[in-house]
Asks: 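The structure under discussion is supplied below as structure tokens; questions concerning it will follow.
By convention in this document, chain letters (A, B, ...) are assigned in the order of the sequence lines, proteins followed by strands, and residues within each chain are numbered from 1.
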There are 2 protein chains.
Amino acid sequence: MSLRQYEYALAVAEEGSVTAAAELLHVAQPSVSQQIRGLERELGVELFARTPTGLVPTVVGRAFLREAEIAVSASRRARATARAGADELVGELMVAVQMGFGTRQLPGALGALRRRFPRLEVTVFEEPSSAELERLGRRGVLDLALMAACEQSPADAHHLGDEEFVVVLGAGHRQLAVDRVELRELEGEPWVRFDRDSALDGVLLNVLRDNDLTPTTAARVSQTATAVRWAAHGLGVTLVPASAVPHGHEHLVRPVFPVVSQPVIAVVRHGAGPAETALLELLRQETWSEPAFFSPVS
Amino acid sequence: MSLRQYEYALAVAEEGSVTAAAELLHVAQPSVSQQIRGLERELGVELFARTPTGLVPTVVGRAFLREAEIAVSASRRARATARAGADELVGELMVAVQMGFGTRQLPGALGALRRRFPRLEVTVFEEPSSAELERLGRRGVLDLALMAACEQSPADAHHLGDEEFVVVLGAGHRQLAVDRVELRELEGEPWVRFDRDSALDGVLLNVLRDNDLTPTTAARVSQTATAVRWAAHGLGVTLVPASAVPHGHEHLVRPVFPVVSQPVIAVVRHGAGPAETALLELLRQETWSEPAFFSPVS
DNA sequence: GGAGCCGATGAGCCTTCGTCAGTACGAGTA
DNA sequence: TACTCGTACTGACGAAGGCTCATCGGCTCC
């Protein structure tokens, strides 16, 4: 039941004789003969019919060889993929992004990464729950994660910058008149909140508690873009990272006082390879703090 | 570069640790460890990142494992297919039919075969040229062939019956008035003939020569059904096996004098297995000679 | 009937795999 | 801080399997 047996069987079927297959494979004839017989003995089936002029696949042999060819070619692909990975960068990079961090920076970094390493596939888990993130991280599926706080302190955590949080107000909201919203002024407002146990909801709860506000929940959503849209429609106010505000809603956004800010930390997994390092470097080169971005619209 | 290495690597990726993979595979831990290391050494790439809690696939490792899984599953399918073929009948039966022989009998036999062995796939090469047939036969691709004459005389050739040839006349043809057409009466008629070097054209040429007729070629076609249709439209007359006449054209058909008849011989390949034998037996059970079938329509 | 082709078989050598023991390293805990 | 537990790795040894050489049996073609 080895790949070699498959390759030998395929060569025999292709060449029509053990001898020809043997010289194609650069081995002696008995070797091929033994492998074929061993395969047939192991499977309990005659894969080839013996004719005076060579070996010919039987009915069941053909069915077998069809699958065997898939196995062999897949093996070749696996080998080629890995060997290519030695020089070039080939593979599948798994990235998790919490709290909408890097919404503005990630596309640029991933685009640059794709230009430099076209055969590198990137999968991004956007705003997974804490439990999901934990699970992915524990199982080692993740190569890089963007998050606010990290329990694992070692050198694998890199501080990229800080993300300022902003409130999104409904169209016509009275607080749109000021440049920076005092959080206490939002007493009594209904809030568009986030999924229970999500990091974003945790930040929001902390902010409300620090400013002696009682949270009135208008709705809970999973994605920051949804929260912004619902808040814009007047369902309530919400608090999201500045870079997570979609285009077209900037006029409904205000920075807050006291300032709410979270560090953006890139956690690279243990034993990071060149792919992870490259993406981390590209992320570093992006601009991470633009304090004047959300100045009041004129 | 062996299947075992793939299986080990997949188990390690699945379980997240060498130890767990080892007990899943019912082998000792160092064995798995060595195989993984050997694989990485051979490929020159680190497939797994070592963490204190186990092994985790790297970026290139994931790409490799994706292909490896295909190889392993294909191998399992190959094995399952072959082992199933030991009890049941599984596989791909290749049949060649020359000169439209068995057009009436084959569907019945193949249907019965399919009912008895549902997992047996049958591929029929219809009316291949002599060169094609020769090539297929030489390479041992064919399991069974229906033909008129066979150069290989041994016990692998089974006489199923005889196929009487009939002429197909154009609608309104004067010879439709008689029950059996004298071939000499067709002097000067244009003929719908068959591809050069085809067995059918060989039979036709022999018949014409034996009856001192000079062949006037109206057209050459590959398939008997086409020849019948064209003859029915008055393009010329043609000579085909009786069973090859499609439904709806029986009234344009006449037996000939002197009788033209060819033996229908089933040639089974060397080392025939149960599938070939079963099909041969089913073909035998079909009725092969129906002399009164083409009596004149009233 | 002999020459030439085919695959099958057996003996010997060598590589490889598997196991057992022991080592090294990091994490969690008292 | 030290101890224990978990992890993977390494080296030595025995066993199994692959490869090669030489040989045999069967068939075809001349």
Asks: I'd like to know whether E67(B) forms a salt bridge (Lys or Arg N to Asp or Glu O under 4.0 Å) with R79(A), so could you lay out the CA-CA distance, the side-chain angles of the two residues, the decisive distance to 0.1 Å, and finally the verdict.
Replies: CA-CA 9 Å; E67(B) 305 294 337; R79(A) 183 189 174 85; over 6 Å; no

Asks: When the distance from CG of L47(A) to P of dA8(C) is rounded to whole Å, what number comes out?
Replies: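 For the pair L47(A) CG and dA8(C) P, the rounded distance is 12 Å.
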
Asks: Could you tell me the separation between the CZ atom of R41(A) and the C1' atom of dA8(C), rounded to a whole number of Å?
Replies: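 Going from R41(A) (CZ) to dA8(C) (C1'), I get 14 Å.
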
Asks: Between V267(B) and L146(B), is there a side-chain heavy-atom distance shorter than 4.5 Å?
Replies: no

Asks: Are any protein N/O atoms closer than 3.5 Å to N/O atoms in nucleotides 19-23 of chain D? If there are, list each pair with its distance.
Replies:
residue, atom, partner, partner atom, Å
dC19(D), OP1, R4(A), NE, 3.2
dC19(D), OP1, Y8(A), OH, 3.0
dC19(D), OP2, S31(A), OG, 2.7
dC19(D), OP2, Q35(A), NE2, 3.2
dC19(D), O5', S31(A), OG, 3.3
dT20(D), OP2, A28(A), N, 2.7
dT20(D), O4, Q34(A), NE2, 3.4

Asks: Grab the CD-C1' distance between E46(A) and dA8(C) for me, whole Å please.
Replies: 14 Å

Asks: Is there a side-chain polar atom (N or O) of S33(A) under 4.0 Å from OP1 or OP2 of dA8(C)?
Replies: yes

Asks: Please classify the nucleic acid contact of S17(B) as base, sugar-phosphate, or nothing, using heavy-atom distances under 4.0 Å.
Replies: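 Sugar-phosphate, backbone atoms only, no base.
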
Asks: Distance check needed: dG7(C) P versus E40(A) CD, whole Å only.
Replies: 13 Å

Asks: Heavy-atom count around Q29(A) CD within 6.0 Å, excluding the residue itself: above 12?
Replies: yes

Asks: Starting from the 5' end of DNA chain D, give me the residue, P52(B) or P52(A), whose nearest nucleotide shows up first.
Replies: P52(B)

Asks: Would you mind reading off the distance between L3(B) atom CG and dG18(D) atom C1', rounded to a whole angstrom?
Replies: 16 Å

Asks: Answer yes if the ring centres of Y6(A) and F64(A) are under 6.0 angstrom apart, and no otherwise.
Replies: yes

Asks: Strictly below 4.0 Å, N to O, side chains only: are R50(B) and E40(B) in salt-bridge contact?
Replies: yes

Asks: Which whole-number value in Å describes the distance from I36(A) CD1 to dG7(C) C1'?
Replies: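 I36(A) atom CD1 is separated from dG7(C) atom C1' by 12 Å.
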
Asks: What is the distance from CG of L39(A) to C1' of dG17(D), rounded to the nearest Å?
Replies: 15 Å

Asks: Is any side-chain N or O of R37(B) closer than 4.0 Å to OP1 or OP2 of dT10(D)?
Replies: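 Answer is yes, contact under 4.0 Å.
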
Asks: What heavy-atom pair brings I265(B) and A148(B) nearest, and what distance separates the two atoms?
Replies: CD1-O, 3.1 Å

Asks: Can S17(A) and T19(A) be counted as having a side-chain donor-acceptor contact under 3.5 angstrom?
Replies: no

Asks: For T51(B) and dT7(D), is the shortest distance between a side-chain N/O and OP1 or OP2 below 4.0 Å?
Replies: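 Looking at the OP1 and OP2 atoms of dT7(D), neither is under 4.0 Å from any side-chain N or O of T51(B).
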
